[in-house]
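These figures come from a predicted structure and were not determined experimentally. Letters go in sequence order (proteins before strands), and every chain restarts at 1. As a basis for the values below, the full set of heavy atoms in this structure was taken, side chains included, without hydrogen atoms, waters or symmetry mates.
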Amino acid sequence: METPRGIHDILPDETPKWQGLEALIREFAARYGYREIRTPPLEHTEVFQRTAGETSDIVEKEMYTFQDRGGRSLTLRPEGTAGVVRAYLEHGMAAWPQPVRLFYIAPMFRYDRPQKGRYRMHHQFGGELLGAVLPAADVEVLSLPIRLIQTLGLTEVMVRLNSVGDQKCRPRYIEALREYLRPHRDQLCADCQRKLEVNPLRILECKEPACHRIVEGAPRITEYLCDECRAHFEEVKQRFGLLAIPYTEDPFIVRGLDYYTRTAAEIHSGRLGGAQHQILGGGRYDGLAEQLGGPHTPGVGFGLGIERLMLVLEAEKLAIPTATRAAGLDIFVAAVGAPAEQEAFRLLDRLRTAGLRAVGETTDRGLRAQMKQADRLSVRFAVILGEQELSGRQAGVRDMRAGTQQDVPLDQLVSYLTTAAANGA
RNA sequence: GUGGCUGUAGCUCAAUCGGUUAGAGCGCUGGACUGUGGCUCCAGAGGUUGCGGGUUCAAUUCCCGUCAGCCACCCCA
């Protein structure tokens, strides 16, 4: 038996990295006033169908969808925003003080062909700011992961910005784009010919050389933005300048999800070898709540790929800060002989109750083997209990770093070790 | 979903032209050191050669299928 394709275990040697990164993420979320939300990994299929867009790749071919025993269609979440907005509506967060700032660190599921940096289950750190219309909101949300990334020390990151307009101006642009593309229809790749009718925006992202050449001469969405969208985009850019965050404007990013309006943002790393160099995607989604049947609710957010971020950290040889003290052990209790083992068993309980981290021998190997075990566990102290020690109501305490050893009375052991472990920790 | 490369011990890898008992290092267990870790030496355990089928006297080796990883697409985080 093994894990399903593209889905992996995270083993104890790896979890400290995750915990360190998560701790830093939580710290940054807190600094920006974002509170954690935990939505279920499973939603009604409609939640994603109605928001991501019927013609999006996610809905068309990447969702893990199945029927439960009651015949309902459920889907493992392919992205985080729709579920958060669903929760916002379901729990009447519109009645909370606005705007509402939320974040999550959660697994996402997409039925893609796996590759390095692309998995069927991956984790995203997402932030959502709901109930805020102004451009300042867009820049606030996006600045959070950007500052986080900078703190981690990432160097070659590119922030790309675009505006995809709104319900008023986007349809006009789509028509203009279609009109421009129609005469070139025969030169487009098969996929794009299909997209021409269904979703011409996505042709902009096509990397097929032929399509790309045609797209070069296509009208730019920025030329079709309505006054409100134009002003919004201008202020977003101005505020990126205010924070001195470098970015490039990219008229061809449209994002794979249909719910985006106005601001669309991506962050790429130049240090990732493979094709999976995008580490963040995000933007504004003012129409999403309505698509879920709720009242108009402006929102803006991002999703940051944790696995991809870790790949970049590795590629740039950057250390992940360890937020808490290492999960290492303080003490190993070695025992020789049955009476000593009984005493050791009781001692372990006392040590742990006193807040120390201690393990003992669980088989009955010789002292030599037990000391070897203590060494490999990298404990600070080994406590040795045998017949000699027991008869004197004391124990040998060996400092594993110094290689020194002394006898300590049993009734003073806990306080002795508590003090000793605290010193020079 | 399309095309390609690769799967040998827990890990990293070897095994001649298809040839008889599939090896090494690290790691693990034990011993030298009967109650004291690290260093050294010795020994041991550990394998359905990813899985299934085919060709052959004989398959880790050749062929087909399948599963998984990787690479390029598609797309995305």
Side-chain angles (χ1 to χ4, degrees), chain A residues 1-8 11 13 52 55-63 77-81 105-126 145 149 189-192 194-195 202 205-209 211 253-257 265-269 272-282 301-312 332 334-337 340 361 363 365-390 395-405:
Chain A
M1 291 299 284
E2 43 192 62
T3 54
R5 186 172 202 192
I7 297 180
H8 303 286
L11 301 178
D13 281 350
T55 60
S56 67
D57 274 54
I58 284 185
V59 171
E60 272 187 348
K61 54 182 200 189
E62 290 176 7
M63 294 204 305
R77 72 176 155 223
E79 60 96 26
T81 305
I105 302 170
M108 305 293 161
F109 303 84
R110 290 183 200 171
Y111 195 85
D112 248 359
R113 182 123 168 208
Q115 226 174 290
K116 195 181 186 71
R118 193 177 68 186
Y119 311 101
R120 288 189 172 175
M121 175 178 132
H122 74 280
H123 296 78
Q124 283 186 26
F125 161 42
I149 282 168
C189 69
D191 204 29
C192 285
R194 193 176 62 87
K195 287 179 190 163
R202 325 236 28 236
E205 295 180 308
C206 188
K207 279 133 205 152
E208 202 68 40
C211 302
I253 67 175
V254 298
R255 309 289 305 130
L257 304 165
E266 293 181 354
I267 295 181
H268 297 256
S269 166
L272 250 34
Q276 271 63 49
H277 39 67
Q278 187 182 336
I279 58 177
L280 175 144
F302 67 87
L304 175 74
I306 309 264
E307 283 85 351
R308 292 217 179 145
L309 181 58
M310 284 182 170
L311 283 175
V312 183
F332 184 92
V336 180
E361 178 66 2
T363 54
R365 294 183 287 189
L367 183 57
R368 178 174 195 78
Q370 295 186 50
M371 291 303 288
K372 205 170 177 179
Q373 189 62 217
D375 186 52
R376 268 177 304 210
L377 290 170
S378 301
V379 297
R380 302 271 324 280
F381 300 99
V383 173
I384 297 152
L385 281 170
E387 275 177 50
Q388 295 164 28
E389 287 80 4
L390 226 47
V397 174
R398 185 172 180 82
D399 184 321
M400 296 298 279
R401 285 184 206 161
T404 57
Q405 186 169 331

For the base of [N], is there a side-chain donor-acceptor partner from [X] under 3.5 Å away?
X         : N      : answer
Arg376(A) : G27(B) : no
Gln370(A) : U36(B) : no
Glu389(A) : G35(B) : yes
Arg365(A) : U29(B) : no
Arg113(A) : C76(B) : no
Arg118(A) : C74(B) : yes

Selected nucleotide, minimal atom distance to [X] side chain, candidates [options]:
X         : options                : answer
Gln115(A) : C76(B), A72(B), G38(B) : A72(B)
Tyr119(A) : G1(B), A77(B), G35(B)  : A77(B)
Arg398(A) : G30(B), C76(B), U36(B) : U36(B)
Arg5(A)   : G38(B), C75(B), A68(B) : A68(B)
Gln124(A) : C74(B), U29(B), A77(B) : A77(B)
Met371(A) : G37(B), C75(B), C70(B) : G37(B)

Base, sugar-phosphate, or nothing: which does [X] touch, judged by heavy atoms less than 4.0 Å apart?
X         : result
Ala382(A) : nothing
Gly117(A) : base
Gly386(A) : base
Glu2(A)   : sugar-phosphate
Gly337(A) : nothing
His268(A) : nothing
Ile384(A) : base

Between [N] and [X], is there an OP1 or OP2 to side-chain N/O distance shorter than 4.0 Å?
X         : N      : answer
Arg368(A) : U34(B) : no
Gln373(A) : G37(B) : no
Gln276(A) : C76(B) : no

Please determine, for [N], whether a Watson-Crick or G-U wobble partner exists with both distances under 3.5 Å, and give it or none.
N      : value
G37(B) : none
A43(B) : U29(B)
G23(B) : C13(B)
G1(B)  : C73(B)
U55(B) : none
G18(B) : none

Starting at atom [atom1] of [X], determine the distance to atom [atom2] of [N], rounded to an integer number of angstrom.
X         : N      : atom1 : atom2 : result
Ile149(A) : A77(B) : CD1   : C1'   : 11 Å
Arg120(A) : A77(B) : CZ    : P     : 17 Å
Asp57(A)  : C75(B) : CG    : P     : 6 Å
Arg308(A) : C75(B) : CZ    : P     : 14 Å
Leu367(A) : G31(B) : CG    : P     : 11 Å

> Taking the C1' atom of each, how far is U6(B) from U49(B), in whole Å?
Replying inline: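 Going atom to atom, C1' in each nucleotide, I get 14 Å.
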Within-4.5 Å side-chain heavy-atom neighbours: [X] and [Y]:
X         : Y         : answer
Arg118(A) : Arg308(A) : yes
Glu361(A) : Phe332(A) : yes
Met371(A) : Ile384(A) : yes
Glu387(A) : Val336(A) : no
Arg120(A) : Tyr111(A) : yes

> Where is the tightest heavy-atom contact between Met121(A) and Glu307(A), given as atom of each residue plus distance?
Replying inline: O-OE2, 4.3 Å
> Should we say atom CD of Gln405(A) is surrounded by more than 12 heavy atoms from elsewhere, each under 6.0 Å from it?
Replying inline: yes
> Taking for each residue the nucleotide of RNA chain B with the nearest heavy atom, is it Ile279(A) or Pro4(A) whose nucleotide lies nearer the 5' end?
Replying inline: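 Of the two residues, Pro4(A) wins.
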> Between Gly305(A) and Gln388(A), who's closer to the 5' end of RNA chain B by nearest nucleotide?
Replying inline: Gln388(A)
>> Does the plane of the ring in His277(A) sit parallel, tilted or perpendicular to the ring in His268(A)? Use 30° and 60° as the thresholds.
In response: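 Tilted: the ring planes of His277(A) and His268(A) meet at 30° to 60°.
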